[in-house]
Amino acid sequence: MTKVEMTVNGKSVSGDVEGRTLLVQFLRDGLGLTGTHVGCDTSQCGACVVHVNGVAVKSCTMLALEADGADVSTIEGQAAPDGTLNVIQQAFQDHHGLQCGFCTPGMVMSAAALLKDNPKPTEAEIRHYLEGNICRCTGYHNIVKAIMAASGQDVGAVAAE
Ligand code: FES
Ligand code: FES
């Protein structure tokens, strides 16, 4: 076992991990941050997306040891301490961008990374960016609408399903 230390949602954390421990396992099993989901074992679904040093990463593709010293953000760090949803989370709620919710943490984290780099994405840019995030419920339409709304754009412009 090897000790890792990192900052997660603004707090310093540490733990002992094996060389094979994935970042998602450390977050979920080591830190109890179970909002980051595991939806596949093929690195395809995107349910596990977190930010590492400000970059969206599938945390099932990264070893915990590789995140040693990093600044990590998870879905648990997105709402305000009093529980007020951030603008993306609120937009998902307002525009019914979720059904079962399993993909939602990864979708929100991917959307946050997109809007950081591209504050006013087009519908096509949103759909392209979300290619690494799979949702088996919504058909993506309301997710795209939610991200358009979170970016302050008119959701009426989103193409009909
Ligand atoms: S659990 Fe990471 S991509 Fe599916
Ligand atoms: S809301 Fe169910 S998988 Fe996306």
Side-chain angles (χ1 to χ4, degrees), residues 4 6-9 13 15 17-68 70-79 83 85-118 121 123-151 153 155 158-161:
V4 284
M6 62 188 83
T7 303
V8 179
N9 300 328
V13 299
V17 298
E18 295 181 54
R20 64 181 175 174
T21 303
L22 300 171
L23 177 58
V24 68
Q25 294 172 321
F26 178 65
L27 293 171
R28 288 177 56 85
D29 304 333
L31 303 180
L33 295 173
T34 54
T36 301
H37 291 163
V38 178
C40 71
D41 56 11
T42 51
S43 307
Q44 284 181 311
C45 76
C48 63
V49 171
V50 301
H51 297 179
V52 176
N53 296 327
V55 176
V57 168
K58 288 180 173 176
S59 59
C60 72
T61 65
M62 186 172 194
L63 297 171
L65 285 172
E66 293 179 293
D68 192 33
D71 187 6
V72 177
S73 301
T74 72
I75 191 66
E76 287 87 351
Q78 299 302 296
L85 300 179
N86 77 10
V87 66
I88 298 170
Q89 294 171 307
Q90 189 62 53
F92 269 67
Q93 185 175 89
D94 293 345
H95 295 277
H96 309 291
L98 65 149
Q99 289 181 28
C100 80
F102 194 85
C103 70
T104 312
M107 289 288 183
V108 168
M109 297 307 288
S110 288
L114 168 63
L115 296 184
K116 185 157 89 65
D117 291 343
N118 183 358
E123 178 182 344
E125 286 171 335
I126 294 170
R127 289 185 186 277
H128 179 70
Y129 195 87
L130 293 183
E131 278 180 357
N133 292 76
I134 292 173
C135 175
R136 61 187 175 181
C137 304
T138 65
Y140 303 95
H141 188 67
N142 286 351
I143 291 173
V144 175
K145 269 190 171 176
I147 297 171
M148 288 292 269
S151 68
Q153 301 187 88
V155 300
V158 177
E161 262 177 296

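Whatever order the structure lists them in is the order used to number ligands and atoms, beginning at 1. All values derive from a computational prediction rather than experimental measurement.
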(Q) Could you identify the single nearest non-hydrogen protein atom to atom 1 (S) of ligand 1 and state the distance to 0.1 Å? (A) G39 N, 3.4 Å
Q. Looking at atom 2 (Fe) of ligand 1, is one of the N, O or S atoms of C45 less than 2.8 Å from it?
A. no
Q. Can you tell which of T104, L33, V108 makes a side chain to side chain contact (heavy atoms under 4.5 Å, CB included) with I75?
A. V108
Q) Numbering the atoms of ligand 2 from 1, which are under 4.0 Å from a heavy atom of G101? A) 1 (S), 2 (Fe)
Q: Measure from atom 4 (Fe) of ligand 2 to each N, O or S atom of C137 and report whether any distance is below 2.8 Å.
A: no
**Q.** C40 near atom 2 (Fe) of ligand 1 via N/O/S, less than 2.8 Å
**A.** no
Q. In Å and rounded to the nearest 0.5 Å, what is the CG to CG distance from L22 to L63?
A. 6.0 Å
Q.
Out of all atoms in ligand 1, which are within 4.0 Å of some heavy atom of S43? Include the element for each.
A. 3 (S)
**Q.** Atom indices of ligand 1 within 4.0 angstrom of C48 heavy atoms, with elements
**A.** 1 (S), 2 (Fe), 3 (S)
Q: Hey, could you give me the CD/CG distance between Q89 and L98, rounded to the nearest 0.5 Å?
A: 10.5 Å
Q: With heavy atoms of C135 as the reference, note each atom of ligand 2 found under 4.0 Å away.
A: 1 (S), 3 (S), 4 (Fe)
**Q.** Atoms in ligand 2 with a heavy atom of R136 nearer than 4.0 Å
**A.** 3 (S)
Q. What is the distance from atom CG of L27 to atom OG1 of T74, rounded to the nearest 0.5 Å?
A. 6.5 Å
Q) Would you say C103 has an N, O or S atom lying under 2.8 Å from atom 4 (Fe) of ligand 2? A) yes
Q: Apply side chain to side chain contact (heavy atoms under 4.5 Å, CB included) to E66 and L23, showing your working.
A: CA-CA 8 Å; E66 293 179 293; L23 177 58; over 6 Å; no
(Q) As a test of understanding, state which of V72, V52, V24 forms a side chain to side chain contact (heavy atoms under 4.5 Å, CB included) with M62. (A) V52
Q. If you round to the nearest 0.5 Å, how far is NE2 of H95 from CD1 of I143?
A. 13.0 Å
Q: Starting at CD of E76, measure out to CG of L31 and round the result to the nearest 0.5 Å.
A: 9.5 Å
Q) Numbering the atoms of ligand 1 from 1, which are under 4.0 Å from a heavy atom of V38? A) 1 (S)
